[in-house]
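Comments concern the structure below.
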There are 2 protein chains.
Amino acid sequence: MPKVSPVLLDEQLCFSIYSASKKFNHFYQSALAPFGLTYPQYIAMLVLWEDAPLTVHQLGERLELDSGTLTPLLKRLEKQGWVTRVRSRTDERQVLIHLTETAEAKRDEVYSRIGQCQTLLGMTDNEIDSMMTELVTVKDQLDTVSHQRLIAKEVDKD
Amino acid sequence: MPKVSPVLLDEQLCFSIYSASKKFNHFYQSALAPFGLTYPQYIAMLVLWEDAPLTVHQLGERLELDSGTLTPLLKRLEKQGWVTRVRSRTDERQVLIHLTETAEAKRDEVYSRIGQCQTLLGMTDNEIDSMMTELVTVKDQLDTVSHQRLIAKEVDKD
DNA sequence: TCGAAGAGTATTGTATACAATTAAATTGCT
DNA sequence: AGCAATTTAATTGTATACAATACTCTTCGA
């Protein structure tokens, strides 16, 4: 069976990433349970702690998420008191996401909670670096392939 | 700010995995579009092509998914003609997932479609292997940490 | 300045995930 | 045999993701 084995090999890489992603998700979920934050909510807060206020669009570029995901997520963060959503006065299309004082105040607490968990992975900085480099390579490759497909589709249309 | 930098480093590894997982998902989604399969549906079919029939529980162990995810997924696969769901007669609690003849017939077609896409990643077998090894290490570490937390909780109760 | 094109956000619909609960069937123990 | 504990699926509720669409506001060209 010549076709089977290579399919399975690739499959396992993708599945490993898929599976690791779910495990990380679960890990952060429980680490952040005291704050009631999910992992996607947490990474949104991370970006905002660095650069708030940001528009939904700007936040989406950093997180690679669109308004279909972010709008409900941000509404939940707002309801829980982490952020405020304010329609910009200079451009009524935009919604600016600001941090609340509570969020500012809890920043270091969240950081230190995650800092405690991080060392549990038991990886050196070098190991983490090289792994990230490989993941970026894979992502870039997938982007390239997707682009090629898009172009191919455009050509098909003509 | 001593605490900030290590948090971000770890963050990026997790985010890289999270992001790569989404990109793979998207990649497979478009690669499998001719068959109308999503990535989770596809990996379920992969396991079934190897070992059908399986119970929902057995399938869940292989995919690390529970019935809350699998039941609706399998109902969709059934509606689309890939599988049949049959209550076991020897143990009425179990539901056996069988492949349809259509699914059997399309197996090689799907395999070859994925086989074509796989080489596009441009990675050697060794590179894929080492990456998977690292991912497994991370997953195991996360499992260990989760277990420690569970045990800690148990101890708390006493 | 008016209207078309574009930009930014929200909404709708579909498909995962997963915790928690429910319901039914089986097992094990007395 | 009879009943409690366990097992297995399904269901419910919440939270992502993302394509496709709708809606509003802004910009830009004639």
Side-chain angles (χ1 to χ4, degrees), chain A residues 15 18-30 32-33 36-45 53-61 63-80 82 85-97 146 150 153, chain B residues 15 18-30 32-33 36-44 53-61 63-80 82-83 85-97 146 150 153:
Chain A
F15 185 75
Y18 162 79
S19 178
S21 176
K22 288 197 302 177
K23 278 209 166 50
F24 257 122
N25 207 333
H26 184 264
F27 171 73
Y28 274 89
Q29 204 98 3
S30 75
L32 295 167
L37 290 173
T38 66
Y39 178 67
Q41 288 167 5
Y42 165 67
I43 56 176
M45 290 303 297
L54 288 173
T55 68
V56 174
H57 184 77
Q58 289 169 331
L59 190 55
E61 280 195 335
L63 301 176
E64 300 174 41
L65 293 172
D66 67 8
S67 70
T69 301
L70 283 178
T71 296
L73 184 151
L74 292 169
K75 284 184 176 174
R76 281 186 284 271
L77 283 180
E78 185 177 43
K79 192 190 284 184
Q80 292 167 35
W82 295 94
R85 295 161 61 251
V86 188
R87 193 63 64 177
S88 162
R89 268 196 275 187
T90 58
D91 185 340
E92 290 266 342
R93 289 172 304 183
Q94 302 182 132
V95 169
L96 286 169
I97 312 300
S146 296
L150 280 179
K153 275 185 189 170
Chain B
F15 185 75
Y18 162 79
S19 179
S21 177
K22 288 197 301 177
K23 279 209 166 48
F24 258 122
N25 207 332
H26 185 264
F27 171 73
Y28 273 90
Q29 205 98 3
S30 73
L32 295 167
L37 289 174
T38 66
Y39 177 68
Q41 286 167 5
Y42 164 66
I43 55 177
L54 289 173
T55 68
V56 173
H57 182 77
Q58 288 169 330
L59 190 55
E61 280 194 335
L63 300 176
E64 300 174 42
L65 292 171
D66 67 7
S67 70
T69 301
L70 282 178
T71 297
L73 185 151
L74 291 169
K75 283 183 177 174
R76 282 187 284 272
L77 283 179
E78 184 177 44
K79 193 191 283 185
Q80 294 167 33
W82 294 95
V83 305
R85 298 162 59 253
V86 188
R87 200 48 80 170
S88 160
R89 268 196 275 189
T90 57
D91 186 339
E92 291 266 341
R93 289 172 304 183
Q94 302 182 129
V95 169
L96 287 168
I97 312 300
S146 296
L150 280 178
K153 275 184 189 170

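Per chain, numbering begins at 1; letters A, B, ... match sequence-line order.
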Sorted by chain and number, sequence neighbours left out, side chain to side chain donor-acceptor pair (under 3.5 Å) with Arg85(A) holds for Glu78(A)
Residues that Arg93(A) engages under side chain to side chain donor-acceptor pair (under 3.5 Å), provided they are two or more places apart =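 In terms of side chain to side chain donor-acceptor pair (under 3.5 Å), with neighbours along the sequence ignored, Arg93(A) is linked to Asp91(A).
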In residues 64-73 of chain B, which residues come under 4.0 Å of DNA chain D by heavy atom?
-> Ser67(B), Gly68(B), Thr71(B)
Return the 5'-most residue of the pair Lys22(A), Gln80(B) with respect to DNA chain C, ranking by each residue's nearest nucleotide.
->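 It is Gln80(B), whose closest nucleotide lies nearer the 5' terminus.
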Select from Asn25(B) and His57(A) the residue whose nearest nucleotide in DNA chain C is closer to the 5' end of that strand.
-> His57(A)
Do the side-chain N or O atoms of Arg85(A) get closer than 4.0 angstrom to the phosphate oxygens (OP1, OP2) of dA10(C)?
->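 Result: yes.
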Just by modelled atom types, is the Phe27(A) backbone N or O under 3.5 Å from a matching donor or acceptor in the Ser30(A) side chain?
-> yes
Please list, in 5' to 3' order, the outermost nucleotides of DNA chain D lying under 4.0 Å from any heavy atom of chain B.
->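 Result: dT7(D) to dA19(D).
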With sequence neighbours left out, which residue pairs that include part of residues 63-75 of chain B fulfil the salt bridge (charged side-chain N to carboxylate O under 4.0 Å, His left out) condition?
->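 For residues 63-75 of chain B: Lys23(A)-Glu64(B).
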Taking N or O atoms only and anything under 3.5 Å, show me the protein contacts with nucleotides 23-28 of chain C, one pair per line.
from: dA25(C); atom 1: O3'; to: Glu92(B); atom 2: N; distance (Å): 3.4
from: dT26(C); atom 1: OP1; to: Glu92(B); atom 2: N; distance (Å): 3.1

[atom2] on [Y] to [atom1] on [X], rounded to 0.5 Å:
X        : Y        : atom1 : atom2 : value
Leu96(B) : Thr90(B) : CG    : OG1   : 7.5 Å
Leu74(B) : Leu65(B) : CG    : CG    : 9.5 Å
Ser21(B) : Phe15(A) : OG    : CZ    : 10.5 Å

Heavy-atom pair of closest approach, residues Pro72(A) and Ser67(A) = CD-O, 3.8 Å
Have a look at Gln41(A) and say if it touches a base, only the backbone sugar-phosphate, or nothing, with a 4.0 Å heavy-atom cut-off.
->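 Answer is sugar-phosphate: Gln41(A) comes under 4.0 Å of backbone atoms only.
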Name the orientation class of the two ring planes belonging to Tyr39(B) and Tyr18(A) (parallel below 30°, tilted from 30 to 60°, perpendicular beyond 60°).
->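 Plane angle over 60°, so perpendicular.
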Would you say the side chain of Gln94(B) lies within less than 4.5 Å of the side chain of Val56(B), judging by non-hydrogen atoms?
-> no
